[in-house]
Asker: 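Before I ask anything, here is the structure I am working with.
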Amino acid sequence: MMSYLVYAYTLLTILAFVLAVKINQRWKSVVLNSFVLTVLMLVAVLLAFHLPYDTYMAGNAPLNNLLGVSIVALAVPLYEQLRQISRHWQIILITTVSASLLAMFSGAVLALLLGAKPDIVATILPKSITTPIAMAVSENLGGIPSVAAVGVVVAGLQGSIFGYLLLKKIGLKNQEAIGLSVGAVSHALGTVSCMENNAKAGSYSSISLVLCGIISSVLAPFVFKLIYALV
């Protein structure tokens with residue numbers, strides 16, 4: 001019976017997300033988007049009832065198992081945006097390759113400067129790409145996939161809360177540029193934030209998150225070796 005009860009956490013996650021979406025629809029806010037609200041509600045429930053995080057994760061197995069499937073699903077927005085990509089493929093490719101390299105180098109170099117060991121560097125390196133790809137990249141490099149997932153969430157939360165606002169504050173008005181920038185460093189969470197504010201920015205953000213995920217997964221092993229070759 002207990003083995004079935006533990007999956008109530010999956011239902012809890014879904015209910016929290018549905019409630020967060022309804023709240024966001026009623027009170028539009030860039031800072032408190034649906035994902036941020038969901039996380040805050042789940043954290044409050046776990047703390048209030050002293051529920052172990054490991055138990056929550058075990059109960060979320062049905063949702064966690066969908067992460068692998070979601071890698072394949074990322075091909076859908078890429079296919080839908082093929083026409084836009086074909087028009088501006090050079091700019092998009094230069095932007096996403098540059099952003100991918102900068103995101104990987106910045107995280108890995110900072111970790112090294114703080115005295116991190118190779119496994120932690122490998123864990124931090126894919127922080128700016130979507131969770132399932134980041135976990136696979138981290139594991140392949142000898143990192144810790146579960147910790148890599150936390151890094152991805154932190155990067156995504158920062159981008160989803162501050163990314164769009166910050167770019168607007170510095171005077172960037174081109175929605176395509178905003179979308180490419182946010183999607184490159186804040187993956188799906190940043191894309192959701194863009195979608196809620198501007199459809200075109202959200203569209204380009206989805207292109208960026210997919211391409212950066214592909215580019216980073218290919219280049220990550222070379223970046224990891226290069227960093228240690230230069231140290």
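None of the values given here were measured: they were computed from a predicted structure.
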Asker: Is the closest side-chain heavy-atom distance between V39 and V43 below 4.5 Å?
Answerer: yes

Asker: Tell me the closest heavy-atom pair linking I94 and S98, and the distance in Å.
Answerer: O-OG, 2.7 Å

Asker: Keeping the roles fixed (side chain from T10, backbone from G59), state whether a donor-acceptor pair exists under 3.5 Å.
Answerer: yes

Asker: Measure the OG1-CZ distance between T38 and F17 for me, rounded to the nearest 0.5 Å.
Answerer: 6.0 Å

Asker: Report yes if the side chains of I133 and P126 come closer than 4.5 Å at any heavy-atom pair, otherwise no.
Answerer: no

Asker: So with a 6.0 Å cut-off around CZ of F105, is the heavy-atom count from everything else above 12?
Answerer: yes

Asker: So do the side chains of P221 and L141 get within less than 4.5 Å of each other, counting heavy atoms only?
Answerer: yes

Asker: Between H88 and Y204, how do the two ring planes meet: parallel, tilted or perpendicular, split at 30° and 60°?
Answerer: tilted

Asker: Quick one, S216 with V137, criterion side chain to side chain contact (heavy atoms under 4.5 Å, CB included). Give me CA distance, side-chain angles, the key distance, then yes/no.
Answerer: CA-CA 8 Å; S216 296; V137 169; 6.0 Å; no

Asker: Look at the side chain of S186 and the backbone N and O of G183, then say whether any donor-acceptor pair between them is shorter than 3.5 Å.
Answerer: no

Asker: Identify the heavy atoms of S181 and L167 that sit nearest to each other, and give their distance.
Answerer: CB-CD1, 3.8 Å

Asker: Go through it in stages, so that I can follow the logic: the residues are I207 and V210, the test is side chain to side chain contact (heavy atoms under 4.5 Å, CB included), and I'd like the CA-CA distance, side-chain angles, deciding distance and then a yes or no.
Answerer: CA-CA 5 Å; I207 294 172; V210 175; over 6 Å; no

Asker: Could you report the tightest heavy-atom contact between A134 and V152, atom names first, then the distance?
Answerer: CB-CG2, 3.4 Å

Asker: Without swapping roles, check the side chain of T123 against the backbone of I144 for a donor-acceptor pair under 3.5 Å.
Answerer: yes

Asker: Between S217 and G213, is there a donor-acceptor pair closer than 3.5 Å when you use the side chain of the first and the backbone of the second?
Answerer: yes

Asker: What distance do T96 atom OG1 and L101 atom CG have between them, rounded to the nearest 0.5 Å?
Answerer: 9.5 Å

Asker: Begin from the C-alpha positions of V147 and I124 and carry the test side chain to side chain contact (heavy atoms under 4.5 Å, CB included) through to its verdict.
Answerer: CA-CA 8 Å; V147 179; I124 296 297; 5.9 Å; no

Asker: Tell me whether the count of non-hydrogen atoms from other residues, nucleotides or ligands lying under 6.0 Å of CG in L15 goes above 12.
Answerer: yes

Asker: Determine the minimum heavy-atom distance between V121 and A108, stating which atoms define it.
Answerer: CG1-CB, 3.8 Å

